[in-house]
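Notes follow the structure.
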Amino acid sequence: MSFLQVIEKIGEELKRSTKELGYEQIEPEVSEPTVKVHGDISSRVCFDISKISKENPVAIAEKISSRIKLDFSEVEAKNGYINFKFNDKYIFDVIEEIRKKGHQYGIPAIENKNKKIIIEHTNSNPNKPIHMGILRNTILGDTLARVFRYVGYETIVLNYIDDSGAQVSDNILAITELGYLKEPIGERYDYYSGRIYAEVHEKIENDLQLRKKKYEIIKKIENGKNEVAQLARQFSERVVMDQLRTCWRVGAFFDLLNWESDIVKSGLLNVVLKELNEKGKLYVPKEGKNEKCTVLKLSDQEEFKNLEEPDEVLIRSDGTITYVGKDIAYAFWKISKPPIDFKYRPFVTQPNGKTLWTTDEEKGEPKTLNVNNADLAITLVDTRQEYPQKVVKTALTFITDKAKYAYRPFLYGIVAISGETAYKISGKKEYVSNKIVHMSGRKGLVVNAEDMLNELAKVARMESRKRNPNIREDLLESISNEIAVAAVRYFMLKTDLNNIIVFDIDEALRLNGDSGPRLQYTYARAYSIIEKAGKYDRGSINQKLIKKEIERELIKEISKFSFYVKETIKDLEPKYLARYAKNLADKFNLFYESCPILTEKEEIRNNRLIILESFLVVFEKVLDLLGIPVLQEM
RNA sequence: GGGCCCGUAGCCUAGUAUGGAUAAGGCGUCGGCUUUCUAAGCCGAAGACCGUGGGUUCAAAUCCCUCCGGGCCCGCCA
């Protein structure tokens, strides 16, 4: 039994009894009451009914509740509410089912699981290390992927590499014209690339000659089959390798890298343009601002018509393709089976053992990877891209109705840094008074993910050593790194998607309170009890031996796992699971404080060990979905 | 000009979808709890006119409108 099943049953019961009483049929509202005294579940359905029938809700509640009989719950009418308090049968059934299902316990019953899901995340420009802003994208996307996979969907994770834009070309120019080395010395490739860009960008922008050359490079990258393109690809691949290392460090893995330059070379855009043209959505102005460009017509669309210039350029007058143009082609590929596909080759074997593939129009081979034609394609982008994503989606709906439900931009707020932190990393006093400062690679106002993780690991290491003076050095190393990962992942996941994260280094270095490390710590404490317990009688749980209410509360909380998994999928809200992990840890910590186990006499000891064991099974899986490494000691 | 997001204690946040029964955590401050399973924990105290004004309702942090403050987007950039 689980919370999810139970609320469904309660809903059905309420429906049945309202029907029997002849009331108007409304979908009964069922939710958790704000305070415990009102039970585990309560319904306000009587208030809704009374709006229609004009009868006193208190009287309705009496009538309805007297007709409800449930073997797992007491029913009570109070102040017009109908409250349900789960009994010990529920407690017993929950434990039994967890013991039967193990890690599968949190998988909700969802009707159609034969769907293919694409999740595209990270999407960093291949010219710099991954910073905290991109990491929010990576962590959100990875968690969604973990949850979809857990539930049973075929889930494919893509990483879009924007290698044909202006940023990569700056770096190539630095190497070919400005005397920068192809190989960095004593520096990671992604860091080297980021540094070059910061040093060189301004110079190029202010120099007409260089700027001209830059646009030649962009064209060459898009055309391919030349030395500059080869150099750019080589360079970008090295950077991407380093970026991937950072992703792997936080537990995120991919199935395919989609290179923007390959999208251009593949000719996919022509397919899309043909479709759009047939629908009469394209035109080429003979004069005016967009002279000789291929333009997407949006001015007749309701959501765009109030804009000054709603129409969108897809192909520039010089023949190059805009970002939105490329993205429409790519998005179309994701949700359909176009006549043109990419060429592929294996890129690298990841630490999880899985091959990461890459598109490569020059060195790859035609191959059926089955990584597109998704029923749902989720693209993680920060809110600044809301508008272009709307354009992409609208363009797709011109071609296929499927786009309406199958193409789903997933928006989240950016990560900025606090004034204090900006001062700290740049040394410039003027930032201190700012509430938020936007990250900028060019201004050196960036908190890189690797640096942050290293700092966190350092703090964790000191803490860990304090507690375990004799710990092996390599173990300490891995534990402190995993604590750092937990801290960052939880921090990113618990915050509402609409909120901007104002990142403050000092605040982020905290490992207590409402944090990822506290969740790990909770697990480690629980685990150490099981380990010390040795063999014990694993017979059934005995409800009569439950002495404290918190034992029941802990079990009830455990039983909510599948409910939150389902909600997370339904609303695409990773924070639901993060909050659940916290609530579950809270309950366990209370249990831990007031229910000694190893020192109790055998009956109670066994009973509590059974509860503990169920907690560990579920909590381990919850942490896994959040990508928080589980630690048996820390 | 058009569109989107945020405003809850000194600070950071949850709660807003589906209005209801005592606004929930964390940091910080103050005070407790280790002869007992890891104190990265737990308990307690102080701290909130839920940005403003109005409206809808038996009932508003939550819905509608006004205003104020902050952020973002609307390019032949990506």
Side-chain angles (χ1 to χ4, degrees), chain A residues 27 29-31 33-35 37-38 42 44 47-48 50-51 57 78-81 83 125 162 164-167 260 289-295 303-310 312-318 320-327 382-388 390-391 411 413-414 416 418 435-436 438 460 463-464 466-468 483 494-502 504 507 510-522 524-533 571 573 575 579 582-583 585-586 589-590 592-600 605 608 612 633-634:
Chain A
E27 199 53 39
E29 184 275 351
V30 184
S31 63
T34 46
V35 276
V37 289
H38 300 125
S42 87
R44 301 192 296 257
F47 291 92
D48 296 332
S50 91
K51 266 180 207 157
K78 198 169 182 189
N79 303 335
Y81 292 84
N83 296 333
N125 280 320
D162 174 11
S164 64
Q167 301 200 11
E260 192 173 74
K289 194 167 164 280
N290 294 335
E291 189 183 342
K292 290 180 187 160
C293 297
T294 301
V295 182
E303 317 137 82
F304 292 91
K305 69 179 188 196
N306 285 333
L307 295 170
E308 276 173 33
E309 291 175 45
E312 187 82 20
V313 172
L314 303 185
I315 301 179
R316 301 186 189 98
S317 52
D318 68 354
T320 56
I321 306 163
T322 61
Y323 162 76
V324 169
K326 295 168 197 169
D327 217 32
D382 75 47
T383 52
R384 289 173 302 187
Q385 294 210 46
E386 185 170 7
Y387 177 75
K390 202 162 115 183
V391 173
L411 301 166
I414 56 159
S418 69
K435 196 156 180 162
I436 76 168
H438 286 271
E463 275 296 310
S464 242
K466 233 189 284 170
R467 289 143 209 273
N468 314 289
I483 291 171
K494 72 169 178 169
T495 311
D496 189 280
L497 297 170
N498 284 325
N499 264 342
I500 292 176
I501 290 180
V502 181
D504 184 89
E507 201 196 310
R510 230 175 6 84
L511 303 178
N512 65 342
D514 183 16
S515 71
R518 174 175 170 272
L519 300 178
Q520 290 177 308
Y521 179 69
T522 302
R525 289 213 295 186
Y527 184 83
S528 89
I529 298 173
I530 283 281
E531 206 178 41
K532 283 186 180 141
D571 296 347
E573 280 283 8
K575 87 175 158 182
R579 300 270 158 207
K582 190 223 176 251
N583 289 336
D586 284 349
N589 282 322
L590 292 174
Y592 182 92
E593 291 295 327
S594 64
C595 298
I597 296 175
L598 299 179
T599 52
E600 282 289 340
R605 184 177 187 268
R608 288 185 174 160
L612 181 65
E633 59 179 310
M634 65 187 278

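Both backbone and side-chain heavy atoms feed into the values below; hydrogens, waters and symmetry mates do not. Here the structure is a predicted model, which means the values were calculated and not measured.
For Lys305(A), no side-chain nitrogen or oxygen approaches OP1 or OP2 of G3(B) to under 4.0 Å. In terms of phosphate contacts, Asn589(A) brings no side-chain nitrogen or oxygen within less than 4.0 Å of OP1 or OP2 of G41(B).
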Whenever both distances are under 3.5 Å in a Watson-Crick or G-U wobble pair, mark it; put RNA chain B into dot-bracket that way, with [ ] for crossing pairs and | when the partner is on another strand.
(((((((..((((......[...)))).(((((.......))))).....(.(((..]....))).))))))))....
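Checked by atom type, the side-chain pair Ser42(A)/Lys78(A) shows no donor-acceptor distance below 3.5 Å.
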List the steps, then state whether side-chain hydrogen bond (donor to acceptor under 3.5 Å, both in side chains) holds for Thr522(A) with Gln520(A).
CA-CA 5 Å; Thr522(A) 302; Gln520(A) 290 177 308; over 6 Å; no
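Relative to the side chain of Asn498(A), the nucleotides U13(B), C6(B), G41(B) differ in distance, and C6(B) lies closest.
Using a 4.5 Å cut-off on side-chain heavy atoms (C-beta onward), Leu411(A) and Leu497(A) make no contact.
Partners of Arg518(A) according to the salt bridge (Lys or Arg N to Asp or Glu O under 4.0 Å) rule, which considers only residues two or more places apart in sequence or in another chain, are Asp586(A). In this structure, Glu573(A) has no salt bridge (Lys or Arg N to Asp or Glu O under 4.0 Å) partners at least two apart in sequence or on a different chain. In this structure, the ring pair (Phe, Tyr, Trp, His ring centres under 6.0 Å) partners of Phe47(A), at least two apart in sequence or on a different chain, are Tyr81(A).
Salt bridge status for Arg384(A) with Asp382(A): present, with a side-chain N to carboxylate O gap under 4.0 Å. Using a 4.0 Å cut-off between charged side-chain N and carboxylate O, Asp514(A) and Lys582(A) make no salt bridge.
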Do nucleotides 70-78 of chain B as a string where each nucleotide becomes B, S or -: B if the base has a protein heavy atom under 4.0 Å, S if just the sugar-phosphate does, - if no protein is that close.
-SSSB-BSB
Protein-proximity profile, nucleotides 20-27 of chain B, B/S/- by nucleotide at the 4.0 Å heavy-atom cutoff, equals BBB--SSS
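Separation of the C1' atoms belonging to G69(B) and G55(B) is 23 Å when rounded to the nearest angstrom.
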